[in-house]
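Counting starts at 1 for both ligands and their atoms, in listed order. What you are looking at is a predicted structure, and each value in this text was computed from that prediction instead of being measured.
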Amino acid sequence: MERTLSIVKPDGVNQHLIGEIIKRFEGNGLKVIGLKMIWMGRKEAEGFYAVHRGKPFFESLTGFMSSGPCVVMVLEGDGAISKTRAWMGATDPKKAGEGTLRRQFAADIEQNIVHGSDAPETAAFEISYFFNALEVFSY
Ligand code: UDP
Ligand code: MG
């Protein structure tokens with residue numbers, strides 16, 4: 001069973017898309033095994049996106065991610081990482097496939113409503129960034 005970390009980003013929360021996004025994941029067979037609302041400070045957003053430090057969009061991205069509350073969740077299921085990425089669609093909503101969450105709801109390449117881990121190693125780092133052992137459940 002694979003695990004991944006997903007985030008309903010501040011724009012998704014503002015657009016009342018928490019339920020829509022969870023429904024897409026849960027309704028397609030992934031299990032929610034950890035869930036909470038958080039509001040990241042700038043430093044926390046910078047730590048989460050440390051891999052993107054130095055890129056031209058880093059300042060704007062971390063400002064956006066700390067601009068309001070997010071919903072963070074741990075999802076479990078066969079192929080959880082690739083399935084979540086497929087349902088999200090490409091980073092740029094203009095390039096995202098028909099029927100994907102980003103194509104359907106995202107405004108632009110930065111404010112793209114949802115995050116999903118891109119590999120097992122990043123999923124492990126990202127899950128542990130927001131959740132401790134007592135906040136993730138096997139059931
Ligand atoms: N991002 C951006 N401009 C870019 C590329 C990415 O603002 O040119 C933002 C966007 O919010 C994206 C996040 O940075 O979701 C992380 O980028 P990544 O390439 O990891 O995209 P993702 O894995 O989220 O599709
Ligand atoms: Mg990424």
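Near N112, meaning under 4.0 Å from any of its heavy atoms, are these atoms of ligand 1: 10 (C), 11 (O), 12 (C), 15 (O). Atoms of ligand 1 lying under 4.0 Å from any heavy atom of T91, numbered from 1 in the order shown and given with element: 6 (C), 12 (C), 15 (O), 21 (O), 22 (P), 25 (O). Distances below 4.0 Å separate heavy atoms of R85 from the following atoms of ligand 1: 22 (P), 23 (O), 25 (O). The ligand atoms of ligand 1 that sit less than 4.0 angstrom from a heavy atom of H52 are 16 (C), 17 (O), 18 (P), 19 (O), 20 (O). Within ligand 1, counting atoms from 1 as listed, the ones closer than 4.0 Å to a heavy atom of K9 are 10 (C), 11 (O), 12 (C), 15 (O).
Side-chain contact, R42 with S66: no donor N or O sits under 3.5 Å from an acceptor N or O.
Considering all non-hydrogen atoms of both residues, R103 and P93 come closest at CD-O, 3.6 Å.
Taking 4.0 Å as the cut-off, M88 does not count as a neighbour of ligand 1 on heavy-atom distance. At least one heavy atom of Y49 sits under 4.0 Å from some atom of ligand 1.
Here K23 does not pair with E20 in a salt bridge; the nearest charged N to carboxylate O distance is not below 4.0 Å.
In terms of polar-atom proximity, defined here as any N/O pair under 3.5 Å, R102 does make such a contact with ligand 1.
In this structure, atom 3 (N) of ligand 1 lies nearest to the protein heavy atom F57 CG, 3.4 Å. When hydrogens are left out, the protein atom nearest atom 9 (C) of ligand 1 is L61 CD1, 3.7 Å; that is the closest non-hydrogen contact. Closest protein heavy atom to atom 10 (C) of ligand 1: I109 O, 3.1 Å. Atom 11 (O) of ligand 1 has E110 O, 2.8 Å as its closest protein atom, hydrogens excluded (heavy atom only).
In this structure, the side chain to side chain contact (heavy atoms under 4.5 Å, CB included) partners of F137, at least two apart in sequence or on a different chain, are Y139. In this structure Q15 satisfies the side chain to side chain contact (heavy atoms under 4.5 Å, CB included) test together with D11, L17, I113, sequence neighbours excluded.
Shown here is K55, whose NZ atom has more than 12 heavy atoms of other residues, nucleotides or ligands within 6.0 Å.
Taken together through direct or relayed side-chain contacts under 4.5 Å among Ile, Leu, Val, Met, Phe, Trp and Tyr, F130 and I81 form parts of separate hydrophobic clusters.
Note that K36 lies in the cation-pi zone of F131, set by a 6.0 Å cut-off to the ring centre and a 45° limit from the axis.
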